[in-house]
Amino acid sequence: MNITFQVTGVQGKDVVCAVEALDEEFGVVGWKIVEIEAGDSHSQARSVTIPTVSEATTGLVNTCWVA
């Protein structure tokens, strides 16, 4: 499953996010830890592919933190 999201963080700091793929009953069928290097702006858009064990119908960013 491919998930596109935008992260707004502290400028000059790396950010790490836990991204999940969910099935139609909102069960977690895949997840990935995504490391986002510091950029020149507060917001960055990312697109990641999450490997899944069964078909996913949606995805979300569970949480993010400053690395």
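Keep in mind the model is a prediction, meaning the values are calculated, not measured.
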Can you list, pair by pair, the side-chain donor-acceptor contacts under 3.5 Å of residues 12-22, counting residues two or more places apart and other chains?
| from | atom 1 | to | atom 2 | distance (Å) |
| --- | --- | --- | --- | --- |
| Asp14 | OD1 | Ala38 | N | 2.8 |
| Glu20 | OE2 | Asn62 | ND2 | 3.0 |

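Of the residues listed (Val7, Ile3, Ile36, Thr4), the one engaging Arg46 in a side-chain contact (heavy atoms from CB on, under 4.5 Å) is Ile36, and it is the only one.
Going from atom OG1 of Thr58 over to atom CG of Leu60 covers 6.5 Å, rounded to the nearest 0.5 Å.
Here the shortest heavy-atom pairing between Gly59 and Met1 reads N-SD, 4.1 Å.
Sorted by first then second residue, the disulfide (SG to SG under 2.5 Å) pairs that include residues 22-63, not counting sequence neighbours, number zero. Among residue pairs with one or both ends in residues 21-42, those qualifying as side chain to side chain donor-acceptor pair (under 3.5 Å) are Gln11-His42; sequence neighbours excluded.
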